[in-house]
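Each ligand, and each atom within it, is numbered from 1 in the order the structure gives.
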Amino acid sequence: MIDVTQSREEMTSSPAVISDMAAYDHEQVLFCQDKATGLKAIIAIHDTTLGPSLGGTRMWHYANEAEALTDVLRLSRGMTYKSALAGLNLGGGKAVIIGDSRKDKSEALFRRFGRFVNSLGGKYITAEDVGISTKEIEWVAMETKHVAGKPTYLGGSGDPSPVTAYGVYMGMKAAAKEQFGSDDLGGKKIAVQGVGNVGETLVDYLVKEGAVVTVTDIWEDRVKEIVHKYGVQACLPDEIYDIDMDIYAPCALGATVNDDTLKRLKCAVIAGAANNQLANEKHHGIEVMKKGIVYAPDYLVNAGGIINCYWEVIGYNQEAAMSQATQIYDTTLNILKKSSSEQIPTYLAANQMAEARIAAIGRIKQKF
Ligand code: NAD
């Protein structure tokens with residue numbers, strides 16, 4: 001727990017924490033510290049109206065605790081919206097472990113973290129995120145059953161990337177229907193930025209449908225492998241914003257839709273797996289709308305991963321997870337229609353739909 005004897009410089013003090021929590025509207029924030037293992041972590045539970053909060057644990061070398069707190073508050077809030085929009089009975093939560101993922105990992109540290117997760121009695125369910133691999137999840141799972149995204153040999157659902165890629169493909173088809181009047185991607189010029197786990201499977205779907213695909217990645221050998229395997233074209237990482245394309249699919253990093261790239265991008269649709277694609281949600285959300293680009297909200301189209309985790313929690317069934325990921329198509333269409341009829345950016349239409357579901361289900365839950 002937080003050491004209240006520490007100074008503000010050493011650890012964010014309670015009043016600041018409470019005001020930060022209030023700003024993001026959180027239910028609960030747990031500060032975890034264990035001197036013996038060197039564990040310093042924060043677990044943030046944003047909203048449990050729809051169900052237990054679920055979201056991965058990130059291990060990162062934050063400059064200070066305040067930075068870690070801001071990150072976990074922001075990320076956990078995002079999970080509430082993502083699960084609400086995907087139609088899941090899950091709330092939003094997230095955890096961060098302050099440390100260097102290349103140097104500071106140990107079995108004891110992760111098992112201690114698992115005990116903190118367990119102390120919440122299932123109100124928070126953890127999973128993998130940046131800096132955390134299956135190995136550490138195995139250690140966490142030794143101390144708590146409130147873990148999702150476990151490997152298949154531990155009874156988990158394994159790598160969620162195939163479901164994520166399928167959901168992105170569904171969201172992209174819906175966005176194409178809205179923009180071009182047909183969801184047929186045959187002949188469409190599509191640029192896929194980042195051909196990792198999700199990007200490669202997406203390329204596979206696109207090529208099978210007859211799209212004209214161009215890929216890029218910072219790893220040249222990876223690009224060569226994908227070009228050889230799928231017969232697609234390639235460009236250099238920075239060239240992707242200038243090539244002739246109908247659809248831009250960011251599947252690498254966030255914030256690639258920004259002031260610089262918006263001057264260069266000639267696409268009509270943006271739909272990809274990367275989180276937080278709009279550098280500034282409000283500003284760039286309006287800018288893409290002004291340019292006539294249909295932007296499929298990232299946290300909706302990349303919800304396949306959380307959908308997979310959800311089914312792991314309630315009893316894994318890959319067919320059911322894929323079927324629920326198919327619904328991303330209809331949800332995307334509904335959001336795009338709301339955006340065009342109300343003349344509001346698509347990110348705002350998505351946020352409003354998520355908030356409406358939480359409010360509606362919240363009212364039902366109060367009734368006997
Ligand atoms: P990954 O690490 O397997 O692949 C990302 C790829 O992007 C890598 O090959 C990397 O080399 C490449 N890359 C990095 N910087 C680049 C750049 N500047 N230009 C071009 N390529 C670059 O990750 P992933 O699991 O495929 O996930 C892709 C994105 O989708 C990430 O942003 C991730 O947070 C998000 N996402 C993934 C899932 C999932 O289920 N895996 C779920 C939701 C969201």
Answer yes or no: is there an ion pair linking E138 with K135, defined by an N-O contact shorter than 4.0 Å?
no
Distances only, to 0.1 Å: what are the N or O pairs between ligand 1 and the protein that fall under 3.5 Å?
{"from": "ligand 1", "atom 1": "3 (O)", "to": "N197", "atom 2": "N", "distance (Å)": "3.0"}
{"from": "ligand 1", "atom 1": "3 (O)", "to": "N197", "atom 2": "ND2", "distance (Å)": "3.3"}
{"from": "ligand 1", "atom 1": "9 (O)", "to": "D217", "atom 2": "OD1", "distance (Å)": "3.4"}
{"from": "ligand 1", "atom 1": "9 (O)", "to": "D217", "atom 2": "OD2", "distance (Å)": "2.7"}
{"from": "ligand 1", "atom 1": "11 (O)", "to": "D217", "atom 2": "OD1", "distance (Å)": "2.6"}
{"from": "ligand 1", "atom 1": "11 (O)", "to": "W219", "atom 2": "NE1", "distance (Å)": "3.4"}
{"from": "ligand 1", "atom 1": "26 (O)", "to": "N197", "atom 2": "N", "distance (Å)": "3.1"}
{"from": "ligand 1", "atom 1": "26 (O)", "to": "V198", "atom 2": "N", "distance (Å)": "2.8"}
{"from": "ligand 1", "atom 1": "30 (O)", "to": "A273", "atom 2": "O", "distance (Å)": "3.2"}
{"from": "ligand 1", "atom 1": "32 (O)", "to": "A252", "atom 2": "O", "distance (Å)": "2.9"}
{"from": "ligand 1", "atom 1": "34 (O)", "to": "N275", "atom 2": "ND2", "distance (Å)": "3.3"}
{"from": "ligand 1", "atom 1": "40 (O)", "to": "T164", "atom 2": "OG1", "distance (Å)": "2.7"}
{"from": "ligand 1", "atom 1": "41 (N)", "to": "S161", "atom 2": "OG", "distance (Å)": "3.3"}

For T80, side-chain hydrogen bond (donor to acceptor under 3.5 Å, both in side chains) partners two or more places apart:
H46
Side chains of residues 140-150: which donor-acceptor partners sit under 3.5 Å, not counting sequence neighbours?
{"from": "E143", "atom 1": "OE1", "to": "R115", "atom 2": "NH1", "distance (Å)": "2.9"}
{"from": "E143", "atom 1": "OE2", "to": "R111", "atom 2": "NE", "distance (Å)": "2.7"}
{"from": "E143", "atom 1": "OE2", "to": "R111", "atom 2": "NH2", "distance (Å)": "2.8"}
{"from": "T144", "atom 1": "OG1", "to": "N118", "atom 2": "OD1", "distance (Å)": "2.9"}
{"from": "T144", "atom 1": "OG1", "to": "H146", "atom 2": "N", "distance (Å)": "3.0"}
{"from": "H146", "atom 1": "NE2", "to": "G122", "atom 2": "N", "distance (Å)": "3.3"}

Above 12 or not: heavy atoms from other molecules or residues under 6.0 Å from CD of Q318?
no
Output all residues satisfying side-chain hydrogen bond (donor to acceptor under 3.5 Å, both in side chains) with Y205, sequence neighbours left out; order by chain, then residue number.
none
Under 6.0 Å from the six-membered ring centre of F180 and within 45° of its axis: does the NZ or CZ of K188 meet both?
yes
